[in-house]
Student: 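Handing you this structure, nothing more for now.
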Amino acid sequence: MALLPILCYPDPRLHTVAKPVQAVDARIKALIDDMLETMYDANGIGLAATQVDVHERLVVIDISEQHNEPLVLINPEITWASTDKQVSDEGCLSVPGIYDGVERSAAIKVTALDGEGRSRALDAQGILAVCIQHEMDHLLGKVFVEYLSPLKRNRIKTKMLKARRETERA
């Protein structure tokens, strides 16, 4: 297993639309392991392959307290979303240190392949529903800050670029 570099906003590669995974083979299984290790190391609860510069439809999530209940979603599709909405403070490993309210469906139904390539259906609500929708946005090339006002988005972009410059100088 290996830690993968996480792309940081406003990296243009975060806006790449992911292609479907063609086969759940050894390469994808190794990527899943690396993504889980990377997510846990960064203290995240979700990571999309897009965030590690792999543009395939793969998401890993673990909302458990002990980080011992990984959920793998390959080629996920939302088949139903509630009309009830909720606003939750979201953060993102690609936008470190930034949190803001985003409105999403309170409950969803998802179909996907698991890490072994088996088809599964999942009903999600609360934080799991939010996390799945957030990570699936990444697969569509969308970062959560795009739900915010242009003013907030520009401030975040400026802050991220400044932080990158400071890191490169160090």
Student: Is there side-chain contact between Thr111 and Ser119, with heavy atoms separated by less than 4.5 Å?
Tutor: no
Student: Evaluate the side-chain proximity of Ile74 to Ile32: yes if any heavy-atom separation is below 4.5 Å, no if none is.
Tutor: yes
Student: Using the rule given for salt bridge (charged side-chain N to carboxylate O under 4.0 Å, His left out), can you reason through Asp114 versus Arg120, listing the C-alpha separation, both sets of side-chain angles and the distance that settles it, and then say yes or no?
Tutor: CA-CA 7 Å; Asp114 67 12; Arg120 66 174 301 168; 5.6 Å; no
Student: Would a hydrophobic clustering, with Ile, Leu, Val, Met, Phe, Trp and Tyr connected at side-chain separations under 4.5 Å, put Leu139 with Leu47?
Tutor: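 No, separate clusters.
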Student: Would you call Lys152 and Glu146 a salt bridge, taking side-chain N to carboxylate O under 4.0 Å as the test?
Tutor: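 No, Lys152 and Glu146 are not salt-bridged.
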Student: Check this for me: does any side-chain nitrogen of one of Arg27 and Glu56 sit under 4.0 Å from a carboxylate oxygen of the other?
Tutor: yes
Student: With a distance cut-off below 6.0 Å to the six-membered ring centre and an angular limit of 45° from the axis, does Lys142 pair with Tyr147 as a cation-pi contact?
Tutor: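 Positive - Lys142 is close enough to the ring of Tyr147 and near enough to its axis.
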Student: Taking the side chain as C-beta and beyond, is there a heavy-atom pair between Val130 and Glu90 under 4.5 Å?
Tutor: yes
Student: Check this for me, if you would: do Asp53 and Arg13 make a salt bridge, where the nitrogen-to-carboxylate-oxygen distance has to be below 4.0 angstrom?
Tutor: yes
Student: For a side chain to side chain contact (heavy atoms under 4.5 Å, CB included) check, start with the C-alpha distance between Val59 and Ile132, then their side-chain angles and the critical distance, and finish with the verdict.
Tutor: CA-CA 8 Å; Val59 166; Ile132 291 171; over 6 Å; no
Student: Tell me whether Lys29 at atom NZ has more than 12 heavy atoms from other residues, nucleotides or ligands lying less than 6.0 Å away.
Tutor: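 Enclosed.
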Student: Any side-chain donor paired with an acceptor under 3.5 Å for Ser82 and Asp84?
Tutor: no
Student: Counting neighbours of CZ on Arg164 that are heavy atoms of other residues, nucleotides or ligands and sit closer than 6.0 Å, is the number greater than 12?
Tutor: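 Yes, the 6.0 Å shell around CZ holds more than 12 heavy atoms from other groups.
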Student: Might you confirm whether atom CD of Glu166 has over 12 heavy atoms from other residues, nucleotides or ligands at distances under 6.0 Å?
Tutor: yes
